Amino acid sequence: MAATTEWAAMVIDSLLSADGLAVLMAVLLGCFVKGALGFGLPLIATPIMLFVLPLPEIVAILALPITIANIQQIWLNRKQWRILRQFWPLITSSTLVMLVGAPLMVAIDSRLLGILIGLMIALHAILSSFPRGQFQNRSLSSKTMNHLIIPAGIVSGILGSLTAMYSFPSIQLFMMMQIKKDELAMLLGVFLSFGYVALWLGISHAGFPVGDNLLLSALMLIPTVAGQQAGHMARRRISETTFRHIVHFALACAGFTLMIRGITSLT
């Protein structure tokens with residue numbers, strides 16, 4: 001009985017702390033966007049959480065919500081597993097690079113990481129604001145783009161090791177290759193879940209106490225499911241194009257804010 005009471009007190013303290021409330025808001029908002037658009041949990045949650053937490057701790061907290069959300073996405077699109085035959089080299093290369101390189105985010109000054117992450121988020125927002133057709137009207141041949149699969153994975157792995165943002169340039173390559181919607185959902189589910197597990201294992205191997213954040217990470221599974229469901233329901237009532245523009249504008253503002261914050265803290 002005493003142990004149960006103590007555990008309940010720990011849960012309440014974790015959620016009602018300033019950090020806990022910031023994490024809760026970030027996960028809810030990120031999952032709402034993911035439910036509405038099919039992406040966005042780490043992209044939305046990371047810049048919000050960076051204002052109160054260091055990047056390795058964010059990775060440790062978001063590991064379970066991101067992995068569970070993407071496993072659900074994989075399961076829903078499991079019939080499209082054949083797409084993995086083409087892109088397993090990209091997934092493997094990015095995962096291995098992040099597994100080896102993730103300890104860098106533990107060692108690098110958090111202010112520099114904030115600038116890098118702000119740059120990555122702003123870049124993603126700017127590129128995503130272009131119509132999808134801009135990427136699909138490709139000028140590269142299929143053979144050339146197939147040769148870019150492993151390099152794209154390596155670059156994503158390097159950027160992910162430093163910033164925990166590893167969608168660029170792999171997602172842009174997926175779009176240029178005109179992957180079907182359901183196949184893309186399957187591919188992104190595997191790509192994103194493997195990548196975040198690699199980051200979690202990498203910082204753990206570097207000595208970061210990931211176990212200290214397991215409770216808060218597990219608690220975030222509830223807002224993960226709730227936010228994703230709310231976003232899915234909202235998708236039917238909100239113009240997807242308008243919602244995308246709002247999200248990209250907010251991301252660009254968050255990215256530039258993080259860059260300015262990081263630069264001013266260095267001076």
Side-chain angles (χ1 to χ4, degrees), residues 39-47 50 54-67 69-71 73-74 83-110 112-125 127-128 135 140 144-177 179 183-208 210 251 255 258:
F39 74 93
L41 175 49
L43 195 65
I44 299 294
T46 301
L50 268 176
L55 183 58
E57 191 168 348
I58 294 172
V59 171
I61 292 170
L62 290 181
L64 276 177
I66 287 176
T67 302
N70 282 298
I71 286 176
Q73 187 167 309
I74 292 168
I83 191 65
L84 301 178
R85 292 175 176 174
Q86 182 178 5
F87 289 99
W88 71 263
L90 184 151
I91 296 169
T92 302
S93 58
S94 63
T95 300
L96 290 176
V97 170
M98 284 188 277
L99 189 62
V100 174
L104 289 173
M105 74 171 65
V106 178
I108 296 176
D109 190 320
S110 60
L112 293 175
L113 289 176
I115 297 171
L116 286 174
I117 293 170
L119 179 62
M120 288 299 301
I121 292 172
L123 180 62
H124 176 92
L127 289 175
S128 298
F135 292 99
L140 299 176
T144 299
M145 286 191 287
N146 282 328
H147 288 157
L148 291 175
I149 286 176
I150 293 179
I154 292 173
V155 173
S156 286
I158 293 171
L159 294 175
S161 298
L162 296 171
T163 67
M165 301 285 178
Y166 50 94
S167 59
F168 178 84
S170 293
I171 288 183
Q172 281 68 34
L173 180 63
F174 299 158
M175 294 173 68
M176 290 177 65
M177 297 180 79
I179 300 172
E183 291 179 334
L184 182 61
M186 174 67 177
L187 179 58
L188 286 177
V190 176
F191 173 62
L192 296 174
S193 56
F194 272 57
Y196 229 82
V197 169
L199 291 176
W200 189 89
L201 291 173
I203 63 172
S204 176
H205 182 70
F208 187 82
V210 292
L251 282 173
L258 284 172

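What you are looking at is a predicted structure, and each value in this text was computed from that prediction instead of being measured. What you see below is based on every heavy atom in this structure, not just the backbone, and it leaves out hydrogens, waters and symmetry mates.
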>> For the CD1 atom of I158 and the OG1 atom of T163, what is their distance to the nearest 0.5 Å?
In response: 11.5 Å
>> Working to the nearest 0.5 angstrom, can you tell me the gap between L116 CG and L55 CG?
In response: 10.0 Å
>> With a 4.5 Å cut-off on side-chain heavy atoms, are V59 and F208 touching?
In response: no
> Could you go step by step and tell me if I179 and F87 meet the side-chain contact (heavy atoms from CB on, under 4.5 Å) rule?
Replying inline: CA-CA 11 Å; I179 300 172; F87 289 99; 3.6 Å; yes
> How many angstroms lie between atom CD1 of I149 and atom CE of M177, to the nearest 0.5 angstrom?
Replying inline: 4.5 Å
> If we only count heavy atoms from C-beta on, is the L43 to M165 side-chain gap below 4.5 Å?
Replying inline: yes
> How far apart are the closest heavy atoms of A60 and W200, and which atoms are they?
Replying inline: CA-CD1, 3.9 Å
Quiz: residues 183-199 side-chain donor-acceptor pairs under 3.5 angstrom, not counting sequence neighbours:
unit_1, atom_1, unit_2, atom_2, d
S193, OG, G189, O, 2.7
S193, OG, V190, O, 3.2

> Taking atom CE of M98 and atom OG of S93, what is their separation to the nearest 0.5 Å?
Replying inline: 9.0 Å
> Would you say the side-chain atoms of S94 pair up with the backbone N or O of I154, donor to acceptor, closer than 3.5 Å?
Replying inline: no
> Is there side-chain contact between F174 and L90, with heavy atoms separated by less than 4.5 Å?
Replying inline: yes
> Which pair of non-hydrogen atoms, one from S170 and one from A152, has the smallest distance, and what is that distance?
Replying inline: OG-O, 3.4 Å
>> T46: which residues meet the side-chain hydrogen bond (donor to acceptor under 3.5 Å, both in side chains) condition with it, sequence neighbours left out?
In response: none
> In Å and rounded to the nearest 0.5 Å, what is the CG to CG distance from L62 to L41?
Replying inline: 6.0 Å
>> To the closest 0.5 Å, what do you measure between CG (L123) and CZ (F168)?
In response: 5.0 Å
